[in-house]
There are 2 protein chains.
Amino acid sequence: MEIENDFQIIPSYGVQRVEDMLATVVGAGYSNTRARRAVLEALCETGGQATPNRLLALGRAHHPALGLVTVYRTLDILHELGLVRKLHSDAGCHAYAPTTHDHGHHVICQACGQAVEFEGCDIAAVVAAVETQTGFRVQTHWLEMFGMCPKCRKNEG
Amino acid sequence: MEIENDFQIIPSYGVQRVEDMLATVVGAGYSNTRARRAVLEALCETGGQATPNRLLALGRAHHPALGLVTVYRTLDILHELGLVRKLHSDAGCHAYAPTTHDHGHHVICQACGQAVEFEGCDIAAVVAAVETQTGFRVQTHWLEMFGMCPKCRKNEG
DNA sequence: TTACTTGCAAAAACTTTGCAGGCGC
DNA sequence: GCGCCTGCAAAGTTTTTGCAAGTAA
């Protein structure tokens, strides 16, 4: 199996490839344009998350005329198709990360910002406890973890 | 025990009272001002969450000259003192909710927007699985649930 | 009285909308 | 060539900053 880039800690959880995402976009009836390819390429070079502004900077390496508006519009499409998720933190809620699993949540490195999706979030017991405690009926949830990625832990000794 | 308002589903998880929050603010060395009391009162009238703009509208009932900037600055202080948390959702990340527990997360009604804090989020097993899966060392996490509150479920029959 | 606070105005940051021209198919 | 797509400009939102006047202690 081919390693895509530095950020790929565990191959099976690596960054989704540009071609796969592009195929989904085209399959949904959208055109294969230079600007959209540039955004997808940028997204795959980010280490797991990026703000629209950062995607613009990275994308311009592939397509110098790329505009910020197009980044936003492309992210809308990718979100609609389930190819990206929005990440949230107290530091800001402007980052997007590529999706790699059906029911995915992210763990984010507090040192370098790398975001990796994990699977198997089994919190049924917690949900049941909350329903009993509050009387709510829980329909969906949202979970994010923050810590240190393997690389940053190694660099800290 | 006195019921504070409509939004208090379970007494022990009810809205924190203005006086308690004010005592904490004053104890931290901040002045007891009319504007700050107005924001605290607004916060306790919201049903568990509100945006700065909504707090401004509610707060002006108590202090007509209240300005939006002061709402933001007061929220900063309350956040620093751990008295409010920021809520996040795909719909937007502009809402704040009063804190009622040490390690709190919120469950939010998708119909009326009410937010209630719950305690006892035991996700140690999930954290351990994520650490094994990704190689990250998880330091903190963040969890939010979405569903229907008792009142809205009743209204839907 | 003194220092902290406030509210206005303005700026900054982020996101969306309108539109004429360009590009994919 | 037709119609989707793009990028610029401008507008709309949300949040922060500067500052003179006001208020708590």
Side-chain angles (χ1 to χ4, degrees), chain A residues 18-19 21-42 49-81 84-96, chain B residues 18-19 21-42 49-81 84-96:
Chain A
V18 173
E19 297 76 35
M21 302 177 92
L22 193 53
T24 303
V25 169
V26 170
Y30 296 101
S31 304
N32 174 354
T33 68
R34 191 167 177 190
R36 284 179 187 150
R37 285 195 305 273
V39 173
L40 291 178
E41 279 155 3
Q49 68 161 316
T51 61
N53 250 311
R54 181 147 167 65
L55 291 174
L56 176 67
L58 288 168
R60 281 192 163 160
H62 301 280
H63 176 35
L66 183 65
L68 184 56
V69 175
T70 301
V71 174
Y72 276 102
R73 288 193 278 228
T74 303
L75 285 172
D76 279 348
I77 292 171
L78 297 179
H79 188 258
E80 168 201 325
L81 299 176
V84 297
R85 286 186 224 282
K86 203 166 186 177
L87 295 185
H88 304 250
S89 76
D90 275 340
C93 303
H94 311 291
Y96 291 80
Chain B
V18 173
E19 297 78 33
M21 302 177 92
L22 193 53
T24 304
V25 169
V26 170
Y30 296 101
S31 305
N32 174 355
T33 68
R34 192 167 176 191
R36 285 180 186 147
R37 286 195 304 273
V39 173
L40 290 178
E41 278 155 3
Q49 67 161 317
T51 61
N53 250 311
R54 180 148 167 65
L55 290 174
L56 176 67
L58 288 168
R60 282 192 161 159
H62 302 280
H63 176 35
L66 183 64
L68 184 56
V69 175
T70 301
V71 174
Y72 276 101
R73 287 194 277 227
T74 303
L75 286 172
D76 278 349
I77 291 171
L78 298 179
H79 187 258
E80 168 202 324
L81 298 176
V84 297
R85 286 186 223 283
K86 202 166 186 176
L87 296 185
H88 304 250
S89 76
D90 274 341
C93 303
H94 311 292
Y96 291 79

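Below, read A as the first sequence line, B as the second, and so on, with proteins coming before strands; counting in each chain starts at 1.
In this structure, B/His63 and B/Ala35 approach most closely via the heavy-atom pair CD2-CA, 3.7 Å. Contact record, A/Ser89 with B/His88: O-CE1, 3.5 Å, taken as the closest heavy-atom pair. When all heavy atoms of B/Arg34 and B/His62 are compared, the closest pair comes out as NH2-O, 3.5 Å. Minimum interatomic distance between B/Gly59 and B/Ala42 (heavy atoms only, all atoms of both residues): N-CB, 3.7 Å.
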- Which is it for B/Leu55 and B/Leu75 under the side-chain contact (heavy atoms from CB on, under 4.5 Å) test, yes or no, and what are the steps along the way? CA-CA 10 Å; B/Leu55 290 174; B/Leu75 286 172; 4.0 Å; yes
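Atom CZ in B/Arg60 sits roughly 12 Å away from atom C1' in C/dT6 (whole-Å rounding). Distance, A/Leu78 CG to D/dC5 P: 13 Å, rounded to whole Å. Atom CG in A/Leu75 sits about 12 Å away from atom P in D/dT6, given to the nearest Å. Between B/Arg54 atom CZ and D/dT13 atom P there is a gap of 18 Å when expressed in whole angstrom units.
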- Going 5' to 3' along nucleotides 12-17 of chain C, which nucleotides have protein heavy atoms under 4.0 Å from the base (write B), which only from the sugar-phosphate (write S), and which from neither (write -)? --SBBB
- Query: What string of B, S and - do you get for nucleotides 20-25 of chain D, 5' to 3', when a contact is any protein heavy atom under 4.0 Å?
  - Reply: ----SS
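Within the structure, a side-chain polar atom (N or O) of A/His63 is placed less than 4.0 Å from OP1 or OP2 of D/dG7.
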Just list the side-chain donor-acceptor pairs under 3.5 Å for residues 66-73 of chain A, sequence neighbours left out, or say none.
none

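Contact of the A/Asn32 side chain with the A/Arg37 side chain is registered, since non-hydrogen atoms from C-beta on lie closer than 4.5 Å. Contact check for B/Val25 versus B/Leu78: side-chain heavy atoms found under the 4.5 Å cut-off.
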